[in-house]
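Here the structure is laid out as structure tokens; the discussion comes afterwards.
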Amino acid sequence: MEERTTLKRSLKPHWVWAIALGSSIGWGAFVQPTTWMSTAGPLGVILGFGIGALLMMLIAVSYGFLIKSFPVSGGEFAYSYVSLGRTHAFISGWFLTLGYLCIVALNASAFALMVKFVFPALLENMHMYTIAGWDVYFTEVIIASVLLGIFGYFNIKGSSFSGRMQFVFCSIMILGVVAIAFMVGAQPGAGFSNVNPLFPTDTTAFAAIISIVAIAPWAYVGFDNVPQAAEEFHFSSRKAFSLIILAIFFAALLYSLMILSTAMIEPWQALVAQGETWGTGAAIQGLLGNMGLVILVTALTMGIFTGLNGFIISSSRLLFAMSRAKIIPEAFSKLHPKYKTPYVGIIFTVVASALAPWFGRQALTWVVDMSSVGVTIAYFYTCYTAFTLFKWSKDKDFNPKKHVVAPAKKTFATLGMTASVVFLGLLLIPGSPAALGMESFIALVIWIILGMTFYLANREELKNIPKEELNYLILGSKKIEAKNRS
């Protein structure tokens, strides 16, 4: 049996916390507040994100246990293999890969969008074509591509370098959000009186809150980057659960602060009615002047950087794990001769993401909406695997090498599975507040067909890998018992 390639243990706890938080808080917290408020009102958004955070914490119980039990790269890919075998591992990995690549691409295009708002004359040059009503400029493509190249280089240089950088970016982002909240609160004319009415007048409070809860998997996607980096922890994997919970808590807090800061500037319904491209940016510039805009742009930039960095780390580690298991080409599991990072996966992530800006942001958002389905499927697999390993009591099937008697955690895993199914229903059932548009649904079907084609082409080769070897390649142990279904 060939020797298994492993990654260097170099990530510190606060870096991993920053990977989780920074990946959860991206451009949306700074760009979307007026859009969200138009749907749910200020309190509807805050309560929706609060409930969403609690649901994510339920799911995080399963993540914490599985990271501690299987501290390997691949995360949900490995967990799906443990409970349901190689076919389901492929399904989980296939959907997650798309989700991660889309979020990297979206963050890169969000940076170009921000530059367009601040320096429109600079960016609106070299118009190429229009896709789905979105003008595509060559300068926009160049900015997104250069940014991706820089972060690809940073990640190739080593996980300790990218981890340290992530923590610095995250700290600046938090300071920026807190500064904005205090500065807005201190201005005459701004205040809580502008937050009324708390909900939109044309819908019920319940419908408003649920419309925000429905996007929780998208809003908090990023905490699941922690298991992708588990093999590189330079600390006990037992700490992973508390790091994830802290990241989700702070993400909910930052979302709420940005909603509150935007709503306090002027009556929020008037702000929404203005229909600005970047409502929060225009409102803060109007109240606090250019200094306020500089702080907001800095916080947004850090949010984009942390999202880019975190998801490049995750996508490259997922590709590394799938390649090590011989499910995708072996090139992805090669390590850089000097830096010992999975450089092929990093380069692939950067190049694939750099294609996205050529198709315009509108087309990209269709694919990103669809990728929420993939992330939710991964949540379900994780909770299901934890559910199978937690036991109510020591029954006849109890295996001390695999199982743990933990009735409370088994209940949490059940609730996590239920939450995942509810999220999936909200995305796929027509007429729900977060239902996929037709374009996103078509993109989802295309990705499923591509996955089926790829899997069927490689199925025989995958089936011929002995179970013991696959256990070793995916989980790092020949003793772990994993189901060998195909």
Side-chain angles (χ1 to χ4, degrees), residues 1-23 63 66-79 93 96-97 100 104 150-170 222-240 243-244 247 305-306 308-350 471-478 480:
M1 192 181 295
E2 66 185 72
E3 189 62 30
R4 178 175 179 268
T5 309
T6 56
L7 298 172
K8 184 182 175 185
R9 295 183 178 277
S10 58
L11 291 175
K12 296 180 180 178
H14 57 291
W15 297 351
V16 171
W17 170 79
I19 288 170
L21 174 61
S23 302
Y63 274 91
L66 291 170
I67 293 168
K68 183 179 70 176
S69 304
F70 307 106
V72 294
S73 290
E76 297 92 336
F77 162 73
Y79 309 152
L96 261 186
T97 301
Y100 290 162
V104 171
I150 291 168
F151 275 91
Y153 172 72
F154 286 162
N155 272 272
I156 289 171
K157 280 201 71 174
S159 54
S160 59
F161 180 75
S162 52
R164 187 180 295 111
M165 199 169 57
Q166 184 83 355
F167 183 72
V168 171
F169 291 156
C170 222
F223 77 83
D224 56 310
N225 286 352
V226 173
Q228 301 300 341
E231 199 168 304
E232 297 162 87
F233 288 177
H234 194 49
F235 57 91
S236 169
S237 55
R238 292 175 181 274
K239 290 184 179 179
L243 293 174
I244 290 173
F305 285 2
T306 53
L308 267 177
N309 195 47
F311 283 101
I312 289 174
I313 291 171
S314 292
S315 56
S316 60
R317 272 51 174 185
L318 176 58
L319 292 166
F320 168 80
M322 292 176 74
S323 171
R324 185 168 60 184
K326 301 182 179 180
I327 284 177
I328 61 174
E330 64 176 331
F332 288 100
S333 53
K334 287 182 178 178
L335 299 184
H336 192 279
K338 180 179 178 182
Y339 301 118
K340 305 302 177 189
T341 48
Y343 71 103
V344 177
I346 293 168
I347 292 169
F348 174 81
T349 300
V350 165
N471 287 350
Y472 173 61
L473 293 173
I474 295 177
L475 305 170
S477 171
K478 299 170 190 178
I480 299 287

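Judged by distance alone, the side chain of Ser323 and the main-chain N or O of Phe320 form no donor-acceptor pair under 3.5 Å. At least one donor-acceptor pair closer than 3.5 Å links the side chain of Ser162 to the backbone N or O of Gly158.
Looking only at side-chain heavy atoms (C-beta outward), Thr97 and Met322 come within less than 4.5 Å of each other. Using a 4.5 Å heavy-atom cutoff, the side chains of Ile156 and Ile347 are in contact. Phe77 has its side chain within reach of Ile327: a pair of non-hydrogen atoms, C-beta onward, lies under 4.5 Å apart. Taking the side chain as every heavy atom from C-beta outward, Leu335 and Leu7 approach each other to under 4.5 Å. The side-chain heavy atoms of Leu96 and Gln228, taken from C-beta on, include a pair separated by under 4.5 Å.
For the residue pair Ser316/Thr349, the side-chain donor-acceptor check at 3.5 Å is not satisfied.
Here the closest non-hydrogen pair linking Ile474 and Ala325 is CG1-CB, 3.5 Å. Closest approach of Thr6 and Arg324 over heavy atoms only: CA-NH1, 4.0 Å. In terms of heavy atoms, Gln166 sits closest to Ile19 at NE2-CA, 3.5 Å. Annotation for Gly152 and Val350: closest pair CA-CG2, 3.7 Å, computed over non-hydrogen atoms. Among all heavy-atom pairs drawn from Asn225 and Ser23, the shortest one is ND2-OG, 2.8 Å. Shown here for Pro227 and Tyr79, the closest heavy-atom pair between the two residues is CB-OH, 3.2 Å.
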Next item on the list: Starting from the C-alpha separation in whole Å, work towards a yes-or-no answer on side chain to side chain contact (heavy atoms under 4.5 Å, CB included) for Leu319 and Ile328.
Entry: CA-CA 8 Å; Leu319 292 166; Ile328 61 174; 3.8 Å; yes
Next item on the list: Begin from the C-alpha positions of Ile312 and Ile346 and carry the test side chain to side chain contact (heavy atoms under 4.5 Å, CB included) through to its verdict.
Entry: CA-CA 6 Å; Ile312 289 174; Ile346 293 168; 4.1 Å; yes
Next item on the list: With side chain to side chain contact (heavy atoms under 4.5 Å, CB included) as the test, would you mind laying out the steps for Lys338 and Tyr343 before giving the verdict?
Entry: CA-CA 11 Å; Lys338 180 179 178 182; Tyr343 71 103; over 6 Å; no
Checklist line | Derivation of the side chain to side chain contact (heavy atoms under 4.5 Å, CB included) call for Val226 and Ile67 | finding: CA-CA 8 Å; Val226 173; Ile67 293 168; 3.8 Å; yes
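Rounding to the nearest 0.5 Å gives a distance of 11.0 Å between OG1 of Thr341 and NZ of Lys157. Here the straight-line distance linking atom CG of Leu66 with atom OG of Ser237 works out to 11.0 Å at 0.5 Å rounding. Here OG of Ser73 is found 11.0 Å from CD1 of Ile313. Values are rounded to the nearest 0.5 Å. If you take CZ on Phe167 and OG1 on Thr306, they are separated by 13.0 Å, rounding to the nearest 0.5 Å. Rounded to the nearest 0.5 angstrom, Phe161 CZ and Ser10 OG are separated by 13.0 Å. In this structure, Asn309 CG and Phe154 CZ are separated by 9.0 Å, a value rounded to the nearest 0.5 Å.
Tyr100 is linked by a ring-ring contact (aromatic ring centres under 6.0 Å, His included) to Phe311, counting only residues two or more places apart in sequence or in another chain. For Tyr63, the ring-ring contact (aromatic ring centres under 6.0 Å, His included) partners are Phe223, not counting sequence neighbours.
Open room surrounds NE2 on His234; 12 or fewer heavy atoms of other groups in view lie less than 6.0 Å from it.
When Arg9, Lys12, Arg317 are each tested for a salt bridge (Lys or Arg N to Asp or Glu O under 4.0 Å) with Glu232, only one passes: Arg317.
Between Phe233 and Phe235, the angle of the ring planes stays under 30°, which puts this pair in the parallel group of the 30/60° scheme.
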